[in-house]
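Encoded as structure tokens, the structure appears first; notes follow it.
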Amino acid sequence: MSGAEELCESDVTVRDVQLLISKKDEMEAEIKALYDLLQDKGIGMDGPLVDREGYPRADVDIYQVRTARHNIICLQNDHKAIMKKIEQSLHILHAGEKEKREVEAQAEALQSHQALPAAFAKVDVVTPGSPASMSGLQVGDEIIAFGTVNTRNFQSLQNIAEVVQHSEGKPLSVSVVRNEKLVSLALTPLRWSGKGLLGCNIIPLKR
């Protein structure tokens with residue numbers, strides 16, 4: 001199934017989704033390996049390639065670093081695209097199931113009555129190009145579920161931090177309220193050029 005093909009119910013099979021997830025895992029492993037390479041060289045994504053006098057640094061393989069940085073950017077774009085395709089494929093696979101219809105009906109009812117679950121935290125910063133940004137997370141999103149953390153069991157931001165640390169390279173199901181509507185996202189904690197594994201800042205909401 002090529003990127004140019006339209007996704008329709010007859011095209012998508014469980015095997016297709018498994019292959020997409022396998023490809024996504026390979027991308028994440030490659031991105032991590034490239035980041036590790038740059039970190040080992042102590043240069044990262046933004047470290048200078050020239051010395052103070054403007055000459056190419058002799059202690060760094062300039063070509064290797066530039067290639068790694070370019071590949072990371074390309075892979076991040078590919079990763080975002082394949083995550084969207086996985087989400088679309090899963091939606092198609094489950095569209096005809098009774099449970100899916102019930103969930104959609106409940107979500108529609110909640111939205112129409114504006115009776116959405118209470119949020120326990122809010123996103124106030126999302127860095128462009130970060131894993132959070134790639135997942136579709138936006139500033140102002142109010143979090144009602146983050147992996148296994150929800151309104152009922154949330155105690156502090158440490159709960160979210162623990163989930164993130166144990167889920168590096170694995171997609172987390174995140175549910176947020178955005179513009180009074182329920183939005184579901186797949187967020188994969190991942191090493192990137194910035195700090196942490198998400199690239200966003202989350203603040204608790206007073207309850």
*Counting N and O atoms only, with roles assigned by atom type, does the side chain of Arg191 sit under 3.5 Å from a partner on the main chain of Gly169, one being a donor and the other an acceptor?*
no
*Kindly say whether Gly199 contributes a backbone atom to a donor-acceptor pair with the side chain of Ser130 at under 3.5 angstrom?*
yes
*Sub-4.5 Å side-chain heavy-atom contact between Ser175 and Ile143*: no
*Sequence neighbours excluded - salt bridge (Lys or Arg N to Asp or Glu O under 4.0 Å) pairs with any residue from residues 44-53*: none
_Checking the side chain of Arg178 only, and the main-chain atoms of Gly140 only, is there a donor and an acceptor separated by less than 3.5 Å?_
no
*Looking at side-chain heavy atoms only, is the closest gap between Leu172 and Pro189 below 4.5 Å?*
yes
*Can you tell if the side chain of Ile202 reaches within under 4.5 Å of the side chain of Leu157, non-hydrogen atoms only?*
yes
Can I get a per-line list of side-chain donor-acceptor pairs under 3.5 Å for residues 75-83, giving both atom names and the distance, sequence neighbours left out?
| residue | atom | partner | partner atom | Å |
| --- | --- | --- | --- | --- |
| Gln76 | NE2 | Tyr35 | OH | 2.8 |
| Asn77 | ND2 | Ile73 | O | 3.4 |
| His79 | NE2 | Glu28 | OE2 | 2.7 |

_Is there a side-chain contact between Ser173 and Phe146 in this structure, where contact means two heavy atoms from C-beta onward sitting under 4.5 Å apart?_
no
*Could you check Ile144 against Asn150 for side chain to side chain contact (heavy atoms under 4.5 Å, CB included), going step by step and ending with a plain yes or no?*
CA-CA 6 Å; Ile144 59 175; Asn150 54 48; over 6 Å; no
*Please say whether more than 12 non-hydrogen atoms of neighbouring residues, nucleotides or ligands are located less than 6.0 Å from CG in Asp59.*
yes
*Leu205 side chain near Phe120 side chain, heavy-atom distance below 4.5 Å*: no
*Report yes or no: does Ser167 contribute a side-chain atom to a donor-acceptor pair with the main-chain N or O of Val164 at less than 3.5 Å?*
no
*Hey, what do you get for CD1 (Ile72) to OG (Ser193), rounding to the nearest 0.5 Å?*
8.0 Å
_Rounded at 0.5 Å granularity, tell me how far CD in Glu180 sits from CD in Glu142._
10.0 Å
*Is any side-chain heavy atom of Leu38 less than 4.5 Å from a side-chain heavy atom of Met45?*
yes
_Looking at Glu87, I'd like to know if its CD atom is crowded, meaning that more than 12 non-hydrogen atoms belonging to other residues, nucleotides or ligands lie closer than 6.0 Å._
no
*Kindly indicate, with the supporting measurements, whether the criterion side chain to side chain contact (heavy atoms under 4.5 Å, CB included) is fulfilled by Val183 and Leu185.*
CA-CA 7 Å; Val183 178; Leu185 306 169; 3.9 Å; yes
*Give a yes or no on whether the backbone of Val149 and the side-chain of Asn153 come within a donor-acceptor separation of less than 3.5 Å.*
no
*Sequence neighbours left out, what passes side-chain hydrogen bond (donor to acceptor under 3.5 Å, both in side chains) with Asp61? Give chain and number order.*
none
*Does Tyr63 offer a backbone N or O that forms a donor-acceptor pair with the side chain of Thr67 under 3.5 Å?*
yes
*So, do Arg57 and Ile43 sit near enough that their side-chain heavy atoms are less than 4.5 Å apart?*
yes
*Heavy-atom distance under 4.5 Å between the side chains of Ser133 and Val126, does that happen here?*
yes
